[in-house]
Amino acid sequence: QLQNEEEPGETAPVVNDAPPPYSSISAENTAYFDYKDESGFPKPPSYNVATTLPSYDEAERTKAEATIPLVPGRDDDFVTRDDFDDTDQLRIGNDGIFMLTFFMAFLFNWIGFFLSFCLTTSAAGRYGAISGFGLSLIKWILIVRVS
């Protein structure tokens with residue numbers, strides 16, 4: 001049966017998750033916890049601790065062993081595609097959409113940029129609008145500088 005929230009019942013004991021005291025640190029681990037007197041920051045580990053690290057070859061061997069697939073033969077289930085589906089092509093776009101939005105943003109400046117950026121859904125169309133607007137900004141900077 002479920003206990004009603006309004007009825008008093010047994011309360012769960014509160015567990016204090018305090019860290020262990022410093023006296024529980026063993027003698028060989030004290031190299032990590034030596035403190036400077038003036039700043040309170042721990043000292044770096046001693047040279048003996050740093051030299052017990054694995055060599056490069058051992059680390060690479062361990063990493064290669066860790067990348068071995070747990071279930072062999074599963075890579076054959078996944079077939080890579082070389083051709084794009086129509087939906088992928090619509091999301092990516094093509095050169096014609098890029099050039100159309102590029103020239104629209106280049107010739108009509110702000111208005112062309114907003115129209116071409118908002119009306120296209122492909123990546124090529126949006127990047128064409130951005131690059132066309134950038135080139136139109138450079139065009140207007142040069143016009144103002146020369147005149």
Side-chain angles (χ1 to χ4, degrees), residues 2 5-6 11-147:
L2 295 176
E5 293 178 1
E6 297 170 357
T11 59
V14 177
V15 178
N16 189 3
D17 290 333
Y22 286 111
S23 61
S24 67
I25 297 174
S26 62
E28 62 258 0
N29 290 336
T30 57
Y32 292 112
F33 297 104
D34 288 338
Y35 286 94
K36 295 180 182 177
D37 294 333
E38 65 274 358
S39 65
F41 291 108
K43 292 180 183 178
S46 67
Y47 182 76
N48 294 333
V49 174
T51 56
T52 59
L53 294 174
S55 68
Y56 177 77
D57 294 332
E58 292 171 353
E60 288 295 317
R61 195 174 322 116
T62 305
K63 188 168 49 170
E65 291 171 358
T67 58
I68 295 173
L70 298 176
V71 181
R74 294 286 293 183
D75 293 337
D76 298 335
D77 295 343
F78 302 107
V79 178
T80 57
R81 295 187 326 185
D82 291 334
D83 58 334
F84 286 107
D85 196 12
D86 290 336
T87 58
D88 292 336
Q89 189 65 29
L90 287 175
R91 278 187 250 138
I92 295 172
N94 54 20
D95 295 341
I97 295 294
F98 179 86
M99 294 304 289
L100 176 72
T101 56
F102 175 82
F103 284 118
M104 189 171 168
F106 180 71
L107 295 175
F108 298 111
N109 300 327
W110 283 99
I111 296 170
F113 168 71
F114 283 125
L115 285 176
S116 59
F117 190 83
C118 294
L119 293 179
T120 58
T121 57
S122 65
R126 292 191 177 190
Y127 285 123
I130 291 170
S131 57
F133 180 66
L135 199 59
S136 73
L137 285 178
I138 293 171
K139 174 184 72 172
W140 282 106
I141 290 171
L142 290 175
I143 289 172
V144 167
R145 180 179 274 183
V146 170
S147 63

Could you tell me the separation between the [atom1] atom of [X] and the [atom2] atom of [Y], rounded to the nearest 0.5 Å?
X      : Y      : atom1 : atom2 : result
Phe102 : Leu107 : CZ    : CG    : 9.0 Å
Phe113 : Ser131 : CZ    : OG    : 10.0 Å
Met104 : Leu100 : CE    : CG    : 7.0 Å

key: Greater than 12 external heavy atoms within 6.0 Å of Ile111's CD1   =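 12 or below, so no.
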
Would you name the heavy atoms of [X] and [Y] that are closest together and state the gap between them?
X      : Y      : answer
Ser147 : Ile143 : OG-O, 2.8 Å
Ala105 : Phe133 : CB-N, 3.7 Å
Phe117 : Ala129 : N-CB, 3.9 Å
Thr120 : Arg126 : O-NE, 3.2 Å

ask   = Quick one: side chain to side chain contact (heavy atoms under 4.5 Å, CB included) partners of Phe106, sequence neighbours excluded?
value =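 Applying side chain to side chain contact (heavy atoms under 4.5 Å, CB included) to Phe106 gives Leu135, Ser136, Lys139.
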
message = For Asp57, give me all partners under side chain to side chain contact (heavy atoms under 4.5 Å, CB included), at least two apart in sequence or on another chain.
response =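 Scan of Asp57 (side chain to side chain contact (heavy atoms under 4.5 Å, CB included), adjacent residues dropped) gives Ser55, Arg61.
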
task = Using modelled atom types only, decide if a donor and an acceptor are shared between the side chain of Asn94 and the backbone of Ile97 within a distance under 3.5 Å.
result =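 Present.
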
message = My understanding is that only residues two or more places apart in sequence, or in another chain, count here; which of them pass side-chain hydrogen bond (donor to acceptor under 3.5 Å, both in side chains) with Trp140?
response =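 Listed in chain order: Asn109.
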
